[in-house]
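Down below is the structure, laid out as structure tokens.
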Amino acid sequence: MPPDPTADQRFFRETTRDFLAETMPVSVVRALADAGTGFDRHWWRRGAELGWTAMLVPESLGGGTVSGRPMTELALIATELGRACAPGPFVTTSAVLAGLAADSESRADLITAVLAGDEVVSWAIYEPGSGFQALAAEAATDAPTTTRAEPDGDGYRLTGVKDRVEAADQADLFLVTASTARGPIQLLVRADAPGVTVTPGWTLDLVRRTARVSFDDVAVAADAVVHTGPEAAKAVRAQACTAAILTAAEMVGATDRALDATLGWLTDRYTFGRPLASYQALKHRMADNKTWLEACRATATAAAAAWDEDPATAAEAVSVAKSYVGAKAPVIAQDCVQLHGGIGVTWEHDLHLYLRRITLGRALYGTPEEHRRHITDLLAAA
């Protein structure tokens, strides 16, 4: 949450929180996990109606923001989704829209469908056996990739594998980054195209799912090419920043909720006639956790604000946020589990749902170590 939210931003946040409380309580999250369902498409369309997909879409296509600061408002939504441990392709959809923004007019039909929640587009960036290097300029142009796009008439033939693709088993299209003899390329590939195979995977999070997507000599028409060369590299970095910012914001929301639950537990639980919250040692631990949480919130907010000010120069702030939140949020959540005692490690207690969301968020779109290396590279270049 920005330090000085406007009335519209506060209303937008409260509307999202109320909607999630009504439609996605923890009992529903658990039911989706038991059913093996990532998210309900009708529920996602209702979220889209609230504006979850609108921030990066031009007003001419039905999008727009409430304050003119799209990433800040997207981070507000991500925080609330984290607090609820909600499912849905929010991060991956936002990353794709960040890549399509520069080409919005020629992709009007697709963007309108994504805006309405009728089409789910997933961002396919990870290569098997490799980490997340998409923020680095050289990674987008020179890094070896197993996914290749070979010219075939006016179009291309796509071959390779992408993994850790969010919501892939429910996606309608993939935005795939591949390499060519002339540099990187981004292509839109339909999930039901001949040669596309989606193999659902497993993540620690109960409802935020990923999959492995294989492309076996998939024919891609010329009009499915989104970006090539330097434009593709620039688009990949914009997508990477978007995914990292929103994942950090989700982690902040989940950590905030875990800390709230722990404070309630320490206040309500009595030992020797005194609430646990009255013990000085526990007060110190909670004070440390609260301090770290506010620092996480500040760095995530600053990263979103930096993107709103100038996306081209936001990479350092993004890596600062993702590395700091990725390092501190799991520590806070683990301490919350310990402060709950034995009940904190049971399946029936909800605390592990937030720890799962935080742990997956730490790993996706750049670990703290990867983002620290990126900060080092930026400092060396400067």
Under the side-chain contact (heavy atoms from CB on, under 4.5 Å) rule, what do W52 and T16 come out as? Steps first, then yes or no, please. CA-CA 9 Å; W52 294 358; T16 298; 3.6 Å; yes
Are there over 12 heavy-atom neighbours, none belonging to [X], within less than 6.0 Å of that residue's [atom1]?
X	atom1	answer
D310	CG	yes
R17	CZ	yes
Y279	OH	yes
R274	CZ	yes

I need the single residue from E370, R373, H371, R372 that forms a side-chain hydrogen bond (donor to acceptor under 3.5 Å, both in side chains) with S319. Which is it? H371
side-chain contact (heavy atoms from CB on, under 4.5 Å) between Q334 and L355: does it pass, once the steps are laid out? CA-CA 7 Å; Q334 289 283 6; L355 178 58; 3.9 Å; yes
Joint cluster assignment, V213 & V189, ILVMFWY side-chain distance < 4.5 Å: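 In one cluster: yes.
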Is V325 reachable from W307 through a run of hydrophobic residues whose side-chain heavy atoms are each under 4.5 Å from the next?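 Different clusters.
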Does the side chain of T15 come within less than 4.5 Å of L50's, by heavy atoms? yes
Once you round to the nearest 0.5 Å, how far does SG of C296 lie from NZ of K322?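 Nearest 0.5 Å value for the SG-NZ distance: 11.5 Å.
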About how many Å separate CZ of R69 and CG of L76, when rounded to the nearest 0.5 Å? 11.0 Å
Taking the inter-plane angle between the rings of W43 and F19 on a 0 to 90° scale, is it parallel (under 30°), tilted (30 to 60°) or perpendicular (over 60°)?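 Parallel: the ring planes of W43 and F19 meet at under 30°.
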Assess the residue pair L56 and L74 against the criterion (side-chain contact (heavy atoms from CB on, under 4.5 Å)); give the C-alpha distance rounded to whole Å, side-chain angles, the decisive distance to 0.1 Å, and a yes or no. CA-CA 9 Å; L56 299 175; L74 284 172; 3.8 Å; yes
Given side-chain contact (heavy atoms from CB on, under 4.5 Å), test V114 with V96 step by step and report yes or no. CA-CA 10 Å; V114 174; V96 170; over 6 Å; no
Report yes or no: does R209 contribute a side-chain atom to a donor-acceptor pair with the main-chain N or O of G36 at less than 3.5 Å? yes
To check you understand the geometry: which heavy-atom pair defines the closest contact between F12 and G51, and what is its length? CZ-O, 4.3 Å
Hits for salt bridge (charged side-chain N to carboxylate O under 4.0 Å, His left out) against D260, two or more places apart or cross-chain, chain-then-number order -> R83
May I have all residue pairs that pass salt bridge (Lys or Arg N to Asp or Glu O under 4.0 Å) and include part of residues 84-100, sequence neighbours excluded? none
